[in-house]
Amino acid sequence: MLEPAVVDETTGYRYYGVDQIPTAQVIHRLRELDVPLSDVQQILRTPDPGVRAVLVAEHLQRLEDALDRTRAAVVSLRRLLRPDPAPIDVELRAEPARTVAAVEAVVGHRDIETWYAGAMAELEAAVGADVTGPPGGSYDNALFEQERGHALVYLPSAAPPRTGRVHPVSLPAAELAVTTHVGEHDGIEVTYGELGTWVVENAMSVAGPVREVYVVGPRDTSDPAAWRTEIGWPVFRVT
């Protein structure tokens, strides 16, 4: 990575000059931050300080994103390992059929966040002020079980438009067991698991996609603790 000033022809020992110390220190710090060698080379060979700063900032953002994912995984794991988790509140709800403005596609599980962000931005631009309620989604079981499946996100509207990927969709009536996930969407699988346990013990699951309603989300407040996501599991009562 750092070219030596002199190489001993007999021993092969490498000698470096005093003027190379700052560069060596930069390399050391970058490696401490797990910057890949190819990126370190690019940073060192870039003469423009502004470009170097952007390259470093991009890597730091990747580290912060990885740290956020790790923290979310730890929170979920702690919830899973609780010996006696607090019971969740579940409501049996009859949802009527309705028509909404939607974007839908077959999506891979790893791509769902990116797809969701793009689809929701397109919906908001198309529906505008005609929105009549919080956004929601409908997700086939295959998306969770096989990591690829049909996903649909929507905005309620009295007159759903048809433009680009946005089009009217009729959501069928459904009987749902509904609970609320509190906080960030990371870790929602734990709430799904708790709701699934409740369904096994109190009702019977039926074929059909699960539904989510984003009652309070990032578009409403920047405080993740205030976010609320309703999860609706299709059921019919057996008691």
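Residue numbers start at 1 and run along the sequence shown.
The side-chain heavy atoms of T179 and E230, taken from C-beta on, include no pair separated by under 4.5 Å. The shortest side-chain heavy-atom distance between R211 and Y154 does not fall under the 4.5 Å cut-off. Looking only at side-chain heavy atoms (C-beta outward), P156 and R98 come within less than 4.5 Å of each other. A 4.5 Å side-chain heavy-atom check between I88 and T191 finds every atom pair outside the cut-off. Between V131 and S157, the closest side-chain pair of non-hydrogen atoms is not below 4.5 Å. Residues V107 and Y116 have side chains not in contact (no heavy-atom distance under 4.5 Å, counting atoms from C-beta outward). The shortest distance between side-chain heavy atoms of I188 and I231 falls below 4.5 Å.
Following chains of ILVMFWY side-chain contacts shorter than 4.5 Å, one cannot reach L171 starting from V103, and the two form parts of different hydrophobic clusters. W115 is connected to V166 through a chain of hydrophobic side-chain contacts under 4.5 Å among Ile, Leu, Val, Met, Phe, Trp and Tyr, so both are in one cluster.
To the nearest 0.5 Å, the span separating CD on E175 from CE on M204 amounts to 14.5 Å. Interatomic distance, CH2 of W233 versus CH2 of W198, reported as 12.0 Å (0.5 Å rounding). Rounding to the nearest 0.5 angstrom, the gap separating the OG1 atom in T163 from the CG atom in L123 is 11.0 Å. In this structure, Q61 CD and E58 CD are separated by 9.5 Å, a value rounded to the nearest 0.5 Å. Between I112 atom CD1 and F144 atom CZ the span is 8.0 Å, to the nearest 0.5 Å.
When every heavy atom of V127 is checked against every heavy atom of P161, the shortest pair comes out as CG2-CD, 4.1 Å. Closest approach of G149 and L143 over heavy atoms only: N-CD1, 3.7 Å. Residues P160 and P168 come closest through the heavy atom pair O-CG, 3.7 Å. Nearest heavy-atom pair, A177 versus V199, reported as atom, atom and distance to 0.1 Å: CB-CG2, 4.1 Å. Heavy-atom minimum distance, P209 versus P234: O-CG, 3.1 Å.
By the side-chain hydrogen bond (donor to acceptor under 3.5 Å, both in side chains) test, H109 pairs with no residue at all, sequence neighbours left out. Residues passing the side chain to side chain contact (heavy atoms under 4.5 Å, CB included) test with D89: none are found, sequence neighbours excluded. Qualifying side-chain hydrogen bond (donor to acceptor under 3.5 Å, both in side chains) partners for E201, counting only residues two or more places apart in sequence or in other chains: none.
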| query | Going through the checks in order, is the side chain to side chain contact (heavy atoms under 4.5 Å, CB included) test met by V169 and L152? | reply | CA-CA 10 Å; V169 168; L152 176 149; 3.8 Å; yes
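Residue pairs meeting the side chain to side chain donor-acceptor pair (under 3.5 Å) criterion with at least one member in residues 130-148, sequence neighbours excluded, are Y139-Y214. Note on residues 104-127: pairs passing salt bridge (charged side-chain N to carboxylate O under 4.0 Å, His left out), not counting sequence neighbours, are E122-R165, E124-R219.
Through direct or relayed side-chain contacts under 4.5 Å between Ile, Leu, Val, Met, Phe, Trp and Tyr, L176 connects to V178.
Checked options V100, L155, V213; the residue passing with P135 is L155 (criterion: side chain to side chain contact (heavy atoms under 4.5 Å, CB included)).
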